[in-house]
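Each ligand, and each atom within it, is numbered from 1 in the order the structure gives. If you're wondering where the values come from, they're calculated on a predicted model, not measured in any experiment. In this chain, residues are counted from 1 in sequence order.
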Amino acid sequence: MSDQFDVIVIGAGPAGYHAAIRAAQLGLKTACVDNFIGKDGKLALGGTCLNVGCIPSKALLDSSKQFHLLTHSFKDHGISATNPAIDVATMVGRKDKIVKQFTGGVALLFKGNKVTTYGGYATLQPNHVVSVKGFDNKVIELTAPNIVLAAGSTSIELPFAKFDNKLIVDNAGALDLDAVPKRLGVIGAGVIGLELGSVWRRLGAEVTILEALPDFLGTADKDIAKVAAREFAKQGLDIKLGAKVSKAEIKDKTVELTYTDAKGEQKTVVDKLLVAVGRRAATSGLLAEGTGVQLDERGRIVVDEHCHTGAEGIWAVGDCVRGPMLAHKGFEEGIAVAELIAGKPGHINYDTIPWVIYTEPEIAWVGKTEAELKAAGIPYKTGSFPFAAVGRAVAMNETAGQVKVIAHAQTDRILGVHMVGPGVSELISEAVVAMEFHGSAEDLARIVHAHPTLSEAVHEAALSVDKRSIHKIN
Ligand code: NAD
């Protein structure tokens, strides 16, 4: 006998737990299956985001920022400290406590919403059956007319630099180092490489980031990437572009990296190596024969714009389908699918998904870059404003960066907003709202912004689109 539900969600990461909670809120009998084991050896809901991604990395980014401020900025405020030191075990312990609070929070939300939780590895079988191999290796079967696949993603491993989680680590390993490495090598100057490279740099590691591509942060707006590159260089992050790594050899408790750049073959030796070259959909083993669900050439589940796989009642959301691997994209896909299953008009606007990189300064954007608009032949105008001219940013001692607003040359509709600077992970929301409501640069310019706040940079950038910024010469 199999347990019967209205909806089964495979995966309790950001996309899956949102789908499960929303389905239950809508009165559907819902089950969610996950197999992530936390540090305490027990099922830990919340997927990569809560266990080894967004939340723990932000905890360490915050701890390391405090340390960096103490050692670098406090003296500007007249604050001194003798022998500042970092206790890595306490920092990691604080991070683990935060993770446990949030994974436990998902378990409580499941209970409160009457979502039935199953621990184990789920495989989609034909005819709307999900088999679950429990931690005791016993297999049970669940059935439901609607099944949501939310299996997430896993780190891509390089064949020549296999993770041993001692010297060569992935994002999870880099959150759990037991001491500050003297030399940390990072392969990949993407989001993970920059965020976790920043954590250990701020704590004193010499960090070398090797990036195969010739451009820094190629998906960001060029002006924003330029400011970020300059600030990271000032912080001592050694980012080598056009550096393709081909070998990582363990020699006497160090890792010798061989890479090729414009000057030819180079070698560098590091004490720890973080490999952050992207993630792939975690779909291996997820689908039995005959489910009718298709995978694309990158192993992602093929879905339409409503996250439906084409097999009746089978949906897929989050990192295991096309689109950016962002928790908040997964959240909204999960909610939309639950609403569609319940017969409601679930919807996601993929054009207004914000991107955030939690370095210092932070980087955030929504919409199109200038390069994308040029390539598409769309006429545009821009306005920008530096944080160095924002009173609040100067008072905070965080003046690096700028906000840039891009609007259509004729209609003034906002096409993209790009930011680098203090607190821009929060400021980007205003741009998302404005774009979601099809706002113009003039709309943003005519909204009253509190003074003194960092949000004045957004206001002034919008004013600057029409060359009427007050606090800079247009
Ligand atoms: P990424 O795709 O952002 O960056 C990987 C980088 O590695 C690329 O720039 C690539 O050119 C480079 N690379 C690949 N092979 C290489 C080689 N052999 N030598 C040198 N460089 C090489 O991937 P990531 O940083 O691993 O992040 C994975 C996913 O997780 C991304 O989709 C990201 O969006 C997501 N993520 C998002 C956040 C956030 O939103 N703040 C945080 C962490 C992760």
If every non-hydrogen atom of Ser455 is compared with every non-hydrogen atom of Ala450, which pair is closest and at what distance?
-> OG-O, 4.3 Å

Hits for side-chain hydrogen bond (donor to acceptor under 3.5 Å, both in side chains) against Arg183, two or more places apart or cross-chain, chain-then-number order -> Asp271

Please state whether Ser155 comes within less than 4.0 angstrom of ligand 1, counting heavy atoms only.
-> no

Indicate yes or no: does Lys39 engage Asp176 in a salt bridge with an N to O separation below 4.0 Å.
-> yes

For ligand 1, is Trp355 a contact, meaning one of its heavy atoms is under 4.0 Å away?
-> yes

Give yes if a backbone or side-chain nitrogen or oxygen of Val356 is under 3.5 Å from a nitrogen or oxygen of ligand 1, and no if not.
-> yes

Write out the residue and atom name of the closest protein heavy atom to atom 1 (P) of ligand 1, then the distance separating them to 0.1 Å.
-> Gly190 CA, 4.1 Å

Could you tell me which atoms of ligand 1, counted from 1 in the order shown, lie closer than 4.0 angstrom to a heavy atom of Lys244?
-> 18 (N)

For Ala212, counting its heavy atoms only, list the atoms of ligand 1 lying under 4.0 Å from any of them.
-> 19 (N), 20 (C), 21 (N), 22 (C)

What part of Leu210, side chain, backbone, both or neither, has a heavy atom within less than 4.0 angstrom of ligand 1?
-> backbone

Within residues 41-52 or reaching into it, pairs that qualify as side-chain hydrogen bond (donor to acceptor under 3.5 Å, both in side chains) - sequence neighbours excluded | Thr48-Arg279

Considering only the protein, which heavy-atom contact is closest to atom 38 (C) of ligand 1, and what is its distance?
-> Val191 CG1, 3.2 Å

